[in-house]
Amino acid sequence: MRRYTLADTLIGHADQVLKTLTPNTAPALRANPAQTHETPPLDNKQQQLIAGLMRVNHTGEVCAQALYHGQALTAKLPTVREEMQRAALEEQDHLAWCEDRLKELNSHISVLNPLWYGLSFGIGAAAGLAGDKWSLGFVAETEKQVCKHLESHLAQIPENDQRSHAILTQMHVDEDHHRQQALAAGGVELPPPVKKLMGIVSKVMTKTSFYV
């Protein structure tokens, strides 16, 4: 089995960063759930709303990639590191699906993604350093909050836009699965102040990414 040097690790991480932040470089491993649905007729107001929500979700997936990358880097147990890397691969699908939908809506990804990636990577690395049970607990709480956001977005998107509904519905299934996996692997509940801080950061990210 090959032993990875510090240089190997840094090069691997640089590749992950580029794939996450550069459009069309992180292909989905699974088929896009939207492909079985027709493109719906949308007026300008509907299109802007959906594009804003999908941009928020795309940025959320950038943050998820960063969190998992940071946690994998500092995880203590190999099993936890592998779990983080496996979850990141599934999140990569979400990233590609959101990108596809934004293109269909003639919209763009957030210009603030590099900033959010850097902040999220630092948080993920810090969570990993705190210990695997806290790192897994952080994953569980993050996915719980993500599921709430997805439920809110599903309620806002017009019913005739089944393409966006299909993407967000599958994302919700995956995120909840990640939450359950993290708890089953030994994740503990985070202190209320940490949960509150996570919620505040999430709200700031949502408001800024909707427009830019």
Side-chain angles (χ1 to χ4, degrees), residues 13 16-23 25-26 47-74 84 87-88 90-103 105 107-128 130 134-157 164 167-172 174-176 178-179 182 190-212:
H13 179 63
Q16 290 175 330
V17 174
L18 288 173
K19 285 182 177 178
T20 300
L21 296 178
T22 306
T25 56
Q47 189 165 323
Q48 289 176 5
L49 169 65
I50 297 167
L53 294 175
M54 294 306 293
R55 186 160 42 253
V56 168
N57 287 305
H58 181 272
T59 297
E61 296 307 320
V62 167
C63 293
Q65 287 285 312
L67 286 169
Y68 283 128
H69 294 161
Q71 287 172 293
L73 186 67
T74 56
M84 298 299 177
E90 289 191 9
E91 300 287 353
Q92 181 176 306
D93 289 348
H94 302 171
L95 198 69
W97 297 343
C98 289
E99 271 185 30
D100 289 345
R101 190 67 186 118
L102 283 168
K103 286 180 194 173
L105 295 165
S107 193
H108 58 87
I109 63 175
S110 174
V111 299
L112 298 177
N113 280 348
L115 170 64
W116 291 116
Y117 183 96
L119 290 174
S120 298
F121 180 85
I123 293 171
W134 295 109
S135 182
L136 290 165
F138 188 81
V139 169
E141 180 60 28
T142 298
E143 300 295 23
K144 180 180 178 181
Q145 293 190 17
V146 169
C147 283
K148 288 183 178 180
H149 277 288
L150 290 170
E151 290 163 7
S152 171
H153 291 184
L154 282 165
Q156 295 178 64
I157 289 176
S164 295
I167 292 171
L168 298 188
T169 298
Q170 185 58 53
M171 286 171 61
H172 188 284
D174 293 342
E175 306 293 10
D176 188 57
H178 294 162
R179 181 186 68 82
L190 300 182
V194 176
K195 293 182 181 180
K196 186 174 182 180
L197 179 60
M198 290 170 65
I200 292 173
V201 172
S202 177
K203 287 180 181 179
V204 173
M205 183 274 287
T206 297
K207 288 182 179 180
T208 55
S209 298
F210 187 90
Y211 298 102
V212 295

Undergrad: Quick one: CD1 on Ile50 to CZ on Arg55, what's the gap to the nearest 0.5 Å?
TA: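 The distance works out to 12.5 Å.
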Undergrad: Decide yes or no on side chain to side chain contact (heavy atoms under 4.5 Å, CB included) for Lys207 and Val56, but give the supporting numbers first.
TA: CA-CA 8 Å; Lys207 288 182 179 180; Val56 168; over 6 Å; no
Undergrad: Among side-chain atoms of Ser202 and Gln145, is any donor-acceptor pair under 3.5 angstrom?
TA: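 Result is no, nothing qualifies.
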Undergrad: Can you tell me if Arg101 and Ser164 form a side-chain donor-acceptor pair at under 3.5 Å?
TA: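 Result is yes, a qualifying pair exists.
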Undergrad: Start with the C-alpha distance between His58 and Leu102, add both sets of side-chain angles, then the distance that settles side chain to side chain contact (heavy atoms under 4.5 Å, CB included), and finish with yes or no.
TA: CA-CA 9 Å; His58 181 272; Leu102 283 168; 4.2 Å; yes
Undergrad: Could you tell me the separation between the CG atom of Asp93 and the CG atom of Asp174, rounded to the nearest 0.5 Å?
TA: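 Answer for the CG-CG pair, Asp93 versus Asp174, is 7.5 Å.
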Undergrad: Show, in sequence, the C-alpha distance, side-chain angles and deciding distance for Leu49 and Phe210, and conclude whether the side chain to side chain contact (heavy atoms under 4.5 Å, CB included) test is met.
TA: CA-CA 9 Å; Leu49 169 65; Phe210 187 90; 4.2 Å; yes
Undergrad: Taking atom CG of Leu115 and atom CG of Leu119, what is their separation to the nearest 0.5 Å?
TA: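 Spacing of CG (Leu115) from CG (Leu119) equals 4.5 Å.
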Undergrad: Side chains of Asn57 and Glu61: do they bring a donor and an acceptor to under 3.5 Å?
TA: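 Checked: Asn57/Glu61 side chains show no N/O donor-acceptor pair below 3.5 Å.
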Undergrad: Under the side chain to side chain donor-acceptor pair (under 3.5 Å) rule, collect the residues that match up with Glu175, sequence neighbours excluded.
TA: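 Glu175: side chain to side chain donor-acceptor pair (under 3.5 Å) contacts with His94.
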Undergrad: Measuring from atom CG of Leu73 to atom CZ of Phe121, what distance do you get when rounded to the nearest 0.5 angstrom?
TA: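 Result: 5.0 Å between the selected atoms.
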Undergrad: How long is the gap from OG1 on Thr74 to CE on Met84, to the nearest 0.5 Å?
TA: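 Rounded to the nearest 0.5 Å, the OG1-CE separation comes to 8.5 Å.
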Undergrad: Show me the pairs that pass salt bridge (charged side-chain N to carboxylate O under 4.0 Å, His left out) and involve residues 134-154, at least two apart or across chains.
TA: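 Every candidate salt bridge (charged side-chain N to carboxylate O under 4.0 Å, His left out) pair involving residues 134-154 fails, so no pair, neighbours aside, qualifies.
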Undergrad: Fit a plane to each ring of Tyr68 and His178, take the angle between them on a 0 to 90° scale, and name the class: parallel (under 30°), tilted (30 to 60°) or perpendicular (over 60°).
TA: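 Correct class here is perpendicular.
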Undergrad: Begin from the C-alpha positions of His172 and Val146 and carry the test side chain to side chain contact (heavy atoms under 4.5 Å, CB included) through to its verdict.
TA: CA-CA 8 Å; His172 188 284; Val146 169; over 6 Å; no
